[in-house]
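To start, the structure under review is shown below, and the notes come after it.
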Amino acid sequence: MGRDQRRTVRELVDAHGRTYAEEAGIHLKDTPQPLYRLLVLAHLLSARISASIAVAAARALSEAGLRDPRRMADATWQERVDALGRGGYRRYDERTAGQLGEAAALLIERWGGDLRRLRAEADGDVPGIRRLLQEFPGVGPTGADIFLREAQLVWPEAGPRLDRKALQGAERLGLPGDPDRLLSLAGKTEPAVLAAALVRAAVDKDVAEDTLGRVG
């Protein structure tokens, strides 16, 4: 059984193991712009909309030049709506456009546009970081969890992190529900990559079926 579970994890990661930040074209580093783009992506992913549309919308915002909080805050509401629309993010575009502008203004005013200062304010305490992230309009508990799940690549204190959604993916694949056991099965795989792959299995049954089909 253990061998089969290890193979399931390997097949999942090989076929579907890339972070959502990577899919959105974000080269994640511990610097202001990538971290801000990750915050925007987490905001978009937390809505009741498909992950592929959220990722496309994040790309569209970037292509419109809205890659940092200053440009996001300076853009008009309509410019933000139009960019979200080009990414297919139409169901929540008007509300989200307003929230993105408000969140960017808050980040500039309180943390100088740099999420590393938010991290420092929390003294690297993950519950504290999670709480502060939720002060941004449109970023609730789900959005904060998404941000931390991906940010563990560059903020070590945030990991190893397999959140509730990742564990739902493990359950769908017949894998253990214990994070430590899952990390052990994954070997040297980055926890952020494993988490993203498991989340994909949770939200997309085709990913789960493809993985289980590969295992046979």
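For reference, positions follow the sequence shown, starting with 1. This one's a predicted model, so the numbers in the text were calculated from it and none came from an experiment.
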Exercise. Tell me, do Pro32 and Leu115 make a side-chain contact under 4.5 Å, heavy atoms counted?
Worked result: no

Exercise. What pairs of residues pass the salt bridge (charged side-chain N to carboxylate O under 4.0 Å, His left out) test when at least one of them lies in residues 169-180, not counting sequence neighbours?
Worked result: none

For this session: With sequence neighbours left out, write down each residue that passes side chain to side chain contact (heavy atoms under 4.5 Å, CB included) with Glu79, or none if nothing qualifies.
Result: Ala75, Thr76

Exercise. Hey, are the side chains of Gln5 and Arg181 touching, using non-hydrogen atoms and a 4.5 Å cut-off?
Worked result: yes

Exercise. Taking side chain as C-beta onward, heavy atoms only, is Val154 less than 4.5 Å from Leu35?
Worked result: yes

Exercise. What are the two closest heavy atoms between Tyr36 and Leu100, and how far apart are they?
Worked result: OH-O, 4.4 Å

Problem set entry | Set of residues satisfying side-chain hydrogen bond (donor to acceptor under 3.5 Å, both in side chains) with respect to Ser52, sequence neighbours excluded | Ser50

Exercise. Sequence neighbours excluded, which residues qualify as side-chain hydrogen bond (donor to acceptor under 3.5 Å, both in side chains) partners of Gln33?
Worked result: none

For this session: Evaluate the side-chain proximity of Arg6 to Val9: yes if any heavy-atom separation is below 4.5 Å, no if none is.
Result: no

Exercise. Taking the side chain as C-beta and beyond, is there a heavy-atom pair between Tyr92 and Leu84 under 4.5 Å?
Worked result: no

Exercise. Hey, does Ile129 have a side-chain heavy atom less than 4.5 Å from the side chain of Leu118?
Worked result: yes

Problem set entry | Partner set under side chain to side chain contact (heavy atoms under 4.5 Å, CB included) for Asp210, not counting sequence neighbours | Ala15, His16, Arg214

Exercise. Can you list every pair that meets side chain to side chain donor-acceptor pair (under 3.5 Å) and has a residue in residues 136-150, with sequence neighbours left out?
Worked result: Arg130-Asp145, Asp145-Arg161, Arg149-Asp163

Problem set entry | With sequence neighbours excluded, residues passing side-chain hydrogen bond (donor to acceptor under 3.5 Å, both in side chains) with Asp30 | Arg119, Trp155

Problem set entry | Residue that, paired with Val126, satisfies side chain to side chain contact (heavy atoms under 4.5 Å, CB included) out of Gln152, Glu157, Arg131 | Glu157

Exercise. Is the closest side-chain heavy-atom distance between Leu44 and Leu61 below 4.5 Å?
Worked result: yes

Exercise. Would you call Leu12 and Val207 a side-chain contact if the rule is heavy atoms closer than 4.5 Å?
Worked result: yes

Exercise. If you look only at pairs with a residue in residues 98-110, which of them pass as a side chain to side chain donor-acceptor pair (under 3.5 Å), with sequence neighbours excluded?
Worked result: His43-Gln99, Arg110-Glu121, Arg110-Glu135

Exercise. If you look only at pairs with a residue in residues 93-132, which of them pass as a ring pair (Phe, Tyr, Trp, His ring centres under 6.0 Å), with sequence neighbours excluded?
Worked result: Trp111-Phe136

Problem set entry | Any pair counted as side chain to side chain donor-acceptor pair (under 3.5 Å), so long as it reaches residues 191-209, sequence neighbours left out | Glu23-Arg200

For this session: I would like to know whether Ser46 and Ile146 meet side chain to side chain contact (heavy atoms under 4.5 Å, CB included); could you show each step before the answer?
Result: CA-CA 8 Å; Ser46 65; Ile146 293 169; 4.3 Å; yes

For this session: Give every residue pair that meets the ring pair (Phe, Tyr, Trp, His ring centres under 6.0 Å) criterion with at least one member in residues 47-66, sequence neighbours excluded.
Result: none

Seminar exercise, completed: All heavy atoms of Ala208 vs all of Ala201, minimum pair found to be CB-O, 4.1 Å

For this session: Flag yes if more than 12 heavy atoms outside Arg116 fall under 6.0 Å of its CZ atom; otherwise flag no.
Result: yes

Exercise. What residues join Ile108 in its hydrophobic cluster, counting side-chain heavy atom gaps under 4.5 Å, either direct or through other members?
Worked result: none

Problem set entry | Over all atoms of both residues, closest heavy-atom pair of Leu194 and Thr189 | N-CG2, 4.0 Å

